[in-house]
Asks: 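After the C-alpha cells below, expect a handful of questions from me.
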Amino acid sequence: MGKAGIRRRRSRQKYLAWLAATNPKRFTIEWSKRLESWSIVTLEKAETGQAHEMFEAVLNELQACGPEAVRLEGEKTATIMRAVCSRAVAQVVDPRMYRLRSSLPCPDGR
C-alpha cells in the first residue's frame, strides 16, 4: 500500500474513532457497511486461502478505531466474520459443511 492508501486508512480510522465516541448509532451504520464489504471480499478470497487473514485484518481495523469502537461492535464483528470464514472455507472444501454449521441460529438475525 502506498502513501496515499496509508493516509486514507488513518483518516478513516480517525473518523470512525470520532464517530464511535460522539455518535454510536452512526458508527454502527458506517461499520456495518464496511463489514458487509469485507464479508464479500473474504468470500472472494476463499480460493486463495486468505479468508482468515481477512478476519484478522478486520479485527485489527476495528481495534485501530479505539476501545469505544471495540466495545460497540467487537463481538458482533467477530461473530459475523467467523461465520463468513466458515462459509468461505466450506465453499472450497465441501459446501455441505457450512449447511451443517449454519443450521444453528445466527446471532445477527440473518
Asks: Kindly check if the number of other-residue, nucleotide or ligand heavy atoms within 6.0 Å of NZ (Lys3) is above 12?
Replies: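 Atom NZ in Lys3 is not crowded, with 12 or fewer foreign heavy atoms closer than 6.0 Å.
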Asks: Please walk me through it: do Leu16 and Arg34 pass side-chain contact (heavy atoms from CB on, under 4.5 Å)?
Replies: CA-CA 11 Å; Leu16 289 172; Arg34 285 165 176 77; 4.0 Å; yes
Asks: Could you give the distance from CD (Glu53) to CG (Asn60), rounded to the nearest 0.5 Å?
Replies: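 Nearest 0.5 Å value for the CD-CG distance: 11.5 Å.
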Asks: Is there a donor-acceptor pair closer than 3.5 Å between any side-chain N or O of Ser11 and the backbone N or O of Arg7?
Replies: no
Asks: Check whether any side-chain heavy atom of Arg87 lies under 4.5 Å from a side-chain heavy atom of Ser39, and answer yes or no.
Replies: no
Asks: Side-chain heavy atoms under 4.5 angstrom apart, residues restricted to Ile, Leu, Val, Met, Phe, Trp, Tyr: same cluster for Ile80 and Val41?
Replies: yes
Asks: Looking at every non-hydrogen atom in both residues, tell me the closest pair between Ala51 and Cys85 and how far apart they are.
Replies: O-SG, 3.4 Å
Asks: Could you check Trp38 against Glu61 for side-chain contact (heavy atoms from CB on, under 4.5 Å), going step by step and ending with a plain yes or no?
Replies: CA-CA 11 Å; Trp38 285 321; Glu61 186 76 18; 3.6 Å; yes
Asks: Once you round to the nearest 0.5 Å, how far does CE of Met81 lie from OG1 of Thr79?
Replies: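 So the CE of Met81 and the OG1 of Thr79 are separated by 11.5 Å.
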Asks: Given Met54, which partner from the list Val84, Thr42, Leu59 fulfils the side-chain contact (heavy atoms from CB on, under 4.5 Å) test?
Replies: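 Going through Val84, Thr42, Leu59 one by one, the side-chain contact (heavy atoms from CB on, under 4.5 Å) with Met54 is satisfied by Thr42 alone.
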Asks: What pair of heavy atoms forms the shortest contact from Thr77 to Trp31, and how long is it?
Replies: OG1-NE1, 2.8 Å
Asks: If you take all heavy atoms of Pro24 and Leu72, which pair is closest and at what distance?
Replies: CB-CD1, 3.9 Å
Asks: Looking only at heavy atoms, what is the nearest atom pair of Gln91 and Leu43, with distance?
Replies: OE1-O, 4.0 Å
Asks: Please give me the minimum heavy-atom distance between Phe55 and Ala78, naming the atom from each residue.
Replies: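 That would be CE1-O, 3.7 Å.
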Asks: On a heavy-atom basis, which atom in Val92 and which in Ala46 lie closest, and how many Å separate them?
Replies: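 That closest heavy-atom pairing would be CG2-O, 3.4 Å.
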Asks: What's the verdict on side-chain contact (heavy atoms from CB on, under 4.5 Å) for Ile29 and Arg26, showing C-alpha distance, side-chain angles and the deciding distance?
Replies: CA-CA 5 Å; Ile29 292 168; Arg26 182 69 184 162; 4.1 Å; yes
